[in-house]
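First up is the structure itself, then whatever we jot down about it.
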2 protein chains.
Amino acid sequence: MAFFLSTFTNKVDKKGRVSVPASFRSAVAASHFPGIVVYRPLNFPCIEGADMSFLEQLSDRLYGDFGPFNPDQMSVATAILAGASQLGFDPEGRVMLPAEMRDAAGIDTHATFVGLGRKFQIWGADAYQAHLKDQLSHAAEAAPKLPPFGGGGQA
Amino acid sequence: MAFFLSTFTNKVDKKGRVSVPASFRSAVAASHFPGIVVYRPLNFPCIEGADMSFLEQLSDRLYGDFGPFNPDQMSVATAILAGASQLGFDPEGRVMLPAEMRDAAGIDTHATFVGLGRKFQIWGADAYQAHLKDQLSHAAEAAPKLPPFGGGGQA
DNA sequence: TGACCAACCATAAAAAACCATGGTATCCCA
DNA sequence: TGGGATACCATGGTTTTTTATGGTTGGTCA
């Protein structure tokens, strides 16, 4: 499955087009759908995206963990999957962000793409600066509670 | 997974390129991505690096142990993955260190690669001299306090 | 016809590939 | 064992390609 790293800030032109970072494009190139899938996360004022198989896996997991007729599952599936969009690349590797998502995320002239492993986020450039600060201080507390991983050291 | 040993100091040219030690290169050669992945550790003024599967493992482990929307998971993922970069080798085995990382680590003209097993660090050559001194004296005190490990005997 | 959307073309900046070189350690053979 | 040849590695500069970005054109649907 695709893997996303690093942070990139690109410009949104007046037609709403944004270049998807080249490394993100090549990450999803192998996928069945040649583009990205975006949705509104529940907990942050931003857009989240991934390749198609990530959403398929998320769906499978919801059904697997809760069963197909569980109310919690249904509400989460509706909130995420029903609002999702497939965005194809134009010949230059750009996408058009849906207007409602852009508004919801407060994306104006500059969009920041944030690689988070199997998925990524898209923030308004200014909002992300503040968010990053929060996350870093939160991570300092949260990191020791998380399971250790390779290298034998603190990451 | 790749394994890194020894210490090497190489020159950084004015374009920010550094030769990755040959033994580090061959360590990651088997990996899917032909290059290294670097990120800013939380606790030291240096750069840390590993092969791609190290970060994939970290990411998948976070997503596996917690739901995909857990706040602790998200903050750590943001701190590490969003600040990470994939650095591909040029045909001569060099990488371009991102400017912000070079600044954050105080790397000027000479970069010191420090093998630490599953991962490695990159320091400014001068800063590393001081750091090494600290670590050595600290290790002498810390070693006896470590719990015994493998083989059944005292280390 | 007018608004919207998708492809096309152009350009400047940044990144990657290419080519050349000097030094060092290693191998081979007399 | 000595000396030359050789392979490898780190380094520097130049060229080519990619990427991000802006504008323009053509088509489509209401």
Side-chain angles (χ1 to χ4, degrees), chain A residues 2 4-30 33-38 49 85-103 107-115 120 122-125 128, chain B residues 2 4-29 33-38 47 49 52 84-103 107-115 120 122-125 128:
Chain A
F4 307 95
L5 281 181
S6 296
T7 300
F8 307 87
T9 296
N10 288 337
K11 222 181 160 195
V12 181
D13 67 19
K14 44 193 150 190
K15 289 159 67 180
R17 297 180 301 185
V18 208
S19 276
V20 175
S23 66
F24 286 23
R25 292 204 300 267
S26 59
V28 303
F33 168 66
I36 61 176
V37 183
V38 295
S85 295
Q86 305 184 42
L87 306 183
F89 299 131
D90 76 3
E92 288 76 31
R94 289 174 289 197
V95 295
M96 289 239 336
L97 299 176
E100 326 87 59
M101 286 198 195
R102 236 187 319 154
D103 295 346
I107 296 172
D108 184 23
T109 62
H110 290 265
T112 298
F113 290 75
V114 185
F120 60 89
I122 312 174
W123 290 77
Y128 180 67
Chain B
F4 308 97
L5 279 182
S6 296
T7 301
F8 307 87
T9 296
N10 288 337
K11 216 180 163 196
V12 181
D13 68 19
K14 48 191 146 191
K15 287 160 67 180
R17 295 181 301 185
V18 208
S19 276
V20 175
S23 67
F24 286 23
R25 293 205 298 267
S26 58
V28 303
F33 168 68
I36 60 176
V37 183
V38 295
I47 302 172
M52 178 63 95
S85 292
Q86 296 177 234
L87 307 182
F89 297 132
D90 74 6
E92 289 76 32
R94 289 174 291 195
V95 295
M96 287 239 335
L97 298 177
E100 325 86 59
M101 285 200 196
R102 239 187 317 155
D103 295 346
I107 296 173
D108 184 22
T109 61
H110 290 265
T112 298
F113 289 76
V114 185
F120 60 89
I122 312 174
W123 290 76
Y128 180 65

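Per chain, numbering begins at 1; letters A, B, ... match sequence-line order.
Residues A:Ile122 and A:Val114 have side chains not in contact (no heavy-atom distance under 4.5 Å, counting atoms from C-beta outward).
Classified by interplanar angle (parallel below 30°, tilted 30° to 60°, perpendicular above 60°), the ring pair A:Phe24/A:Phe120 is tilted.
For A:Ser6 (side chain) and B:Ala84 (main-chain N/O), a donor-acceptor pair under 3.5 Å exists by modelled atom type. The main-chain N or O of B:Gly16 is never found under 3.5 Å from a side-chain atom of B:Arg102 such that the two would form a donor-acceptor pair. Side chain of B:Asn10 to main chain of B:Val18: no donor-acceptor pair is present (N/O by atom type, distance under 3.5 Å, no hydrogens or angles). Under the 3.5 Å distance criterion, the side-chain polar atoms of B:Arg25 are matched with a main-chain donor or acceptor of B:Val20.
The outermost nucleotides of DNA chain C lying under 4.0 Å from heavy atoms of chain A, listed 5' to 3', are C:dA6 to C:dC9.
A centroid separation of 6.0 Å or more is found between the aromatic rings of B:Phe4 and B:Phe113.
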Counting primed atoms plus P, OP1 and OP2 as sugar-phosphate and everything else as base, spell out the protein contacts along nucleotides 15-30 of chain D at 4.0 Å heavy-atom distance: B, S or - for each nucleotide, 5' to 3'.
----SSBBBB------

